[in-house]
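Below is one structure, written out as structure tokens, with a few remarks after it.
Sequence lines set the chain letters: A, B, ... in the order given, protein chains first and strands last, and positions in each chain run from 1. Keep in mind it's a predicted model, so treat the numbers as computed, not measured.
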Protein chains: 2
Amino acid sequence: MASTGNGKSKRDTYRHGDLRNALIEAGLELARQGGPEAVVLRAATRQAGVVPNAAYRHFADRGALLHAVSQAAMAHVAHTMEAEQAALPPAEDPAAGARARFRAVGTGYLRFAQEEPGLFRTAFHVPGDMTHAAADTAAGPGGKTPFELLGTALDGLVENGLLPEDRRPGAEFLAWSAVHGLAVLLIDGPLRGLHPTQAHDAGQHVIDMIERGI
Amino acid sequence: MASTGNGKSKRDTYRHGDLRNALIEAGLELARQGGPEAVVLRAATRQAGVVPNAAYRHFADRGALLHAVSQAAMAHVAHTMEAEQAALPPAEDPAAGARARFRAVGTGYLRFAQEEPGLFRTAFHVPGDMTHAAADTAAGPGGKTPFELLGTALDGLVENGLLPEDRRPGAEFLAWSAVHGLAVLLIDGPLRGLHPTQAHDAGQHVIDMIERGI
DNA sequence: CTCGAATGTGGACATCGTACACAAGGGGTG
DNA sequence: CACCCCTTGTGTACGATGTCCACATTCGAG
């Protein structure tokens with residue numbers, strides 16, 4: 001076993017073989033259900049069929065484990081964003097395509113926040129840094145972090161004349177602020193429990209505001 | 001004593017007299033320094049000079065205490081926002097005044113986030129609901145919650161023709177999203193540690209975007 | 001004055017993070 | 001192929017936390 005994800009049967013080998021990843025995987029599951037505070041060191045080791053202290057061979061402390069889980073969650077965010085872009089119908093012209101890809105960045109971000117609130121909260125739980133955010137561990141299949149995806153989409157807007165070049169600097173912070181703020185409102189603010197379609201509309205409104213105000 | 005806020009000397013009376021508020025006060029101090037997860041029941045009771053279990057006469061559990069502290073922190077946010085508005089120079093004309101008061105809402109909010117990040121995080125820590133948010137416990141000296149302050153400011157914009165009436169519905173969520181998102185970026189996102197003046201500029205940019213895009 | 005409801009105390013327990021010493025065993029060197 | 005050592009997992013232990021239960025103290029209504 002060791003490779004199979006189940007955590008029930010006790011390991012047959014003394015060595016686990018892939019404990020570090022098993023712990024991150026277990027942590028992800030805990031985070032999915034209960035957010036960052038639910039990723040408990042002892043629970044993760046239990047799930048991996050290992051004694052609590054074994055974790056310390058791979059992580060300095062609970063915080064380090066949580067950070068690794070957070071990075072993995074961030075990668076999931078990136079994945080959802082890329083998927084949203086990939087699902088886009090072929091664009092009529094380059095400009096329309098750039099605009100659609102930009103909006104998909106926000107839409108994917110918001111979709112993830114609603115579908116996986118626990119992971120979302122974990123991904124952005126006082127993340128050491130989400131810009132450089134160890135680009136490899138926090139990246140999606142395309143190799144880009146959520147932030148980088150946003151930057152690329154903004155560059156696309158500029159290239160197609162949809163965003164004046166002098167407004168480009170710092171634009172990611174404006175866009176990110178608005179979308180992330182809405183995400184928070186949706187998952188544990190006053191907009192929590194909004195019907196998915198209404199939430200989607202709210203998301204489009206915010207993205208409209210960004211396009212207008214950026 | 002009981003009335004004095006110090007927590008050093010042991011109470012002389014068997015009854016504390018105002019334990020509930022003493023615990024909230026202690027919780028606020030803990031939250032100020034370490035955010036929501038730092039508001040620890042035992043620490044608060046210790047500070048109040050009382051045995052841990054005494055807290056259960058006033059709060060159902062740690063969560064209830066944290067919620068009360070959160071509400072108190074929210075009141076502090078409202079206070080800062082009101083102060084920001086009060087400090088405004090007299091306006092030239094009503095419209096300019098309405099606009100300045102609207103911007104002050106955002107500026108005050110962002111100021112508080114930077115000056116008291118621990119309290120800020122605590123105020124918005126999965127708050128049962130921040131809209132109705134028990135208007136009395138979360139309100140500032142003016143009797144309004146942060147959300148209500150924002151709504152009032154938006155109404156002011158409409159009254160002065162600065163915001164089309166058909167754009168008013170839901171506008172608080174657009175504005176709140178953007179400002180709150182920036183606040184998060186500033187206190188534990190990639191904009192953390194930004195020089196206060198730069199942070200202020202970023203805030204003005206976001207508010208500009210809101211005014212343009214709302 | 002008396003007695004009950006409100007408030008604080010004491011002791012106990014499960015769980016958590018983590019430190020320290022020890023065991024197992026896989027891989028490089030001879 | 002044998003040996004030794006470094007990595008990885010185990011066992012035991014400690015302090016801290018949230019919370020439960022039974023008991024003590026005191027205030028205030030009658």
Does the distance from a Lys or Arg side-chain N to an Asp or Glu carboxylate O, for A:E82 and A:K144, drop under 4.0 Å?
no
In whole Å, I'd like the distance from the [atom1] atom of [X] to the [atom2] atom of [N].
{"X": "A:R20", "N": "D:dG9", "atom1": "CZ", "atom2": "C1'", "result": "17 Å"}
{"X": "A:F59", "N": "D:dT8", "atom1": "CZ", "atom2": "C1'", "result": "14 Å"}
{"X": "A:L23", "N": "C:dG17", "atom1": "CG", "atom2": "C1'", "result": "15 Å"}

Least distance between heavy atoms, B:L163 atom then B:L154 atom
CD2-CD2, 4.2 Å
Atom of A:E84, atom of A:A104 and distance for their closest heavy-atom approach:
CG-O, 3.5 Å
List the protein contact pattern of nucleotides 7-16 of chain C with one symbol per nucleotide (5' to 3'): B for base contact, S for sugar-phosphate-only contact, - for none; contact means a heavy-atom distance under 4.0 Å.
BBBBB----B
Any [X] side-chain heavy atom under 4.5 Å of [Y] side chain:
{"X": "B:M74", "Y": "B:T145", "answer": "no"}
{"X": "B:L119", "Y": "B:L28", "answer": "yes"}
{"X": "B:L66", "Y": "B:T122", "answer": "yes"}

Would you say A:R20's side chain and A:H58's backbone share a donor-acceptor pair under 3.5 angstrom?
yes
Is the distance from OP1 or OP2 of C:dA19 to the nearest side-chain N or O of A:Y56 less than 4.0 Å?
no
By ring-ring contact (aromatic ring centres under 6.0 Å, His included) - contacts of A:F120 (at least two apart)
A:Y109, A:F124, A:H180
Estimated bend of the helix from C:dC1-D:dG30 to C:dG30-D:dC1 (axis per five terminal pairs, rounded to 10 degrees)
0°
